[in-house]
There are 2 protein chains.
Amino acid sequence: MLISALPVIDQPARRVGALLEHVNRQLRQHSVPALETLGVRPRHVLALTVLRDTGGSSQADLAGLLQMDRTNLVGLLNELETEGWVERRRSPEDRRRHLVELTAAGGELLSRIDFALAAIEDHVLSALDAAQREQLYELLRQAANLEAACTESPDC
Amino acid sequence: MLISALPVIDQPARRVGALLEHVNRQLRQHSVPALETLGVRPRHVLALTVLRDTGGSSQADLAGLLQMDRTNLVGLLNELETEGWVERRRSPEDRRRHLVELTAAGGELLSRIDFALAAIEDHVLSALDAAQREQLYELLRQAANLEAACTESPDC
DNA sequence: TAGATCGTTTGTGTTACGTCAATCATCTAC
DNA sequence: GTAGATGATTGACGTAACACAAACGATCTA
């Protein structure tokens, strides 16, 4: 009787994951047709974006950043290099490593992608005003930046 | 000469999409092993969460919310119903329709999922403090809510 | 009653992975 | 100089999660 009268902690979880996935899906569904006209796939955009934001990366690091198997990354980079969007060069410090960088063509492509995707984001995220959009961007950027450190830790 | 001296508008795009995808990937990579121990897949979580948040839904609406082909949704719901996590019942207003709802078992499972995923989010999103996490949650929730309306519009 | 809608089954195909094995080139430590 | 480790590559295999199409039965609407 007394035990059953105890207050029950029944807080709804403020779990971000499903919401992230949900919004991500919306964006992806709308983005794919636009990307197709540019001859690009979502996973291309992701790699190109990371390469731009990091200024270039070794393949091992890139695989970690993208949370992607290194074998599959080779395939992805083969596609990007074939299209002339990225360039692989041997690192002078360790010739086992490639330094992967955007080419000028890759940078231009990314600008076109940005333009197309900005319109889509305007639409999909129209429930948020400009300040909120900015806020969301900064929060995600901050969250993503720590993830970059996860390539250094086997526990990540 | 004068034209070349004009200021060039060269603002970096504040594009959320790739960041969203990036953080989403991180969360997913970490979540999958935990979900496996619960016998659950990411797409299960998504559907269960949407069903909880909407209080139930027709299949057509659910397909729209999840941005998912209705045929594939049938397969997904078959899995969920087989496990006893959801229940399909004919709508009294239109017997062509199913109303899909979480069962008690489904609700309990979701609580367990929430618990497991909360720890993972704490880790993956550790670059954000509690207030920022809350902020992110609210922004995403707001963004996601308008998306719900997209089931009503062929342009979405 | 005809046409539309909802859900279902079945089938096909694509994409994006994970994983593994083996290999070569290169590095590091002894 | 050598053994073992590392980085990238290729090829193979398998899985999951889709998109899409066709066809069908049940039900609704005009």
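Residue numbers begin at 1 in each chain, while the letters A, B, ... track the order of the sequences.
Nearest-nucleotide mapping onto DNA chain C: of A/Ser91 and A/Arg41, the residue sitting toward the 5' end is A/Arg41. Comparing B/Glu79 and A/Gln59 by the nucleotide of DNA chain D that holds the closest heavy atom to each, the one mapping nearer the 5' end is A/Gln59. Of the residues near DNA chain C, A/Thr71 and A/Arg96, the one whose nearest nucleotide (by heavy atom distance) lies more toward the 5' end is A/Thr71.
In terms of heavy-atom proximity, A/His22 sits nearest to B/Leu65 at CE1-O, 2.8 Å.
The distance between atom NE2 of A/His98 and atom C1' of D/dT6, rounded to the nearest whole Å, is 14 Å. In this entry the distance linking CG of A/Leu77 with C1' of D/dT10 reads 15 Å, nearest Å. Atom pair A/Arg90:CZ and D/dA8:P shows a separation of 8 Å (rounding to whole Å applied). Spacing between atom CZ of B/Arg97 and atom C1' of D/dT29 amounts to 13 Å, rounded to whole angstrom units. A/Arg25 has its CZ atom 12 Å from the C1' atom of D/dA16, to the nearest Å. With rounding to whole Å, B/Asp69 atom CG is found 7 Å from D/dC20 atom P. Atom-to-atom, CG of A/Asn24 to P of D/dA17 comes out at 16 Å; the value is rounded to the nearest Å. In this structure, B/Leu66 atom CG and D/dC18 atom P are separated by 9 Å, rounded to whole Å.
Of all nucleotides in DNA chain C having an atom under 4.0 Å from a heavy atom of chain B, the first and last in 5' to 3' order are C/dA4 to C/dG18.
Under 4.0 angstrom from either OP1 or OP2 of D/dA19 there lies at least one side-chain N or O belonging to A/Gln29. Dashed line: the shortest gap from a side-chain N or O of B/Arg70 to OP1 or OP2 of D/dC20 is not under 4.0 Å. One finds no side-chain N or O of B/Gln67 lying less than 4.0 angstrom from the OP1 or OP2 phosphate oxygen of D/dA19. Within the 4.0 Å cut-off from OP1 or OP2 of D/dC20, not a single side-chain nitrogen or oxygen of B/Asn72 is found.
Side-chain N or O atoms of A/Arg97 include none that pairs as donor or acceptor with a backbone N or O of A/Ser91 at under 3.5 Å. Without hydrogens or angle criteria, B/Thr103 side chain to B/Gly84 main chain gives a donor-acceptor distance under 3.5 Å.
Residues B/Arg25 and A/Leu46 meet the side-chain proximity criterion, which asks for heavy atoms closer than 4.5 Å.
Of the charged side-chain nitrogens involved, at least one lies within less than 4.0 Å of a carboxylate oxygen, so that B/Glu21 and A/Arg28 count as a salt-bridged pair. A salt bridge does not link A/Glu138 with A/Arg133: every distance from a Lys NZ or Arg NE/NH1/NH2 to an Asp or Glu carboxylate oxygen is 4.0 Å or more. B/Arg52 and B/Asp114 are joined by a salt bridge, as a carboxylate oxygen and a charged side-chain nitrogen come within less than 4.0 angstrom of each other.
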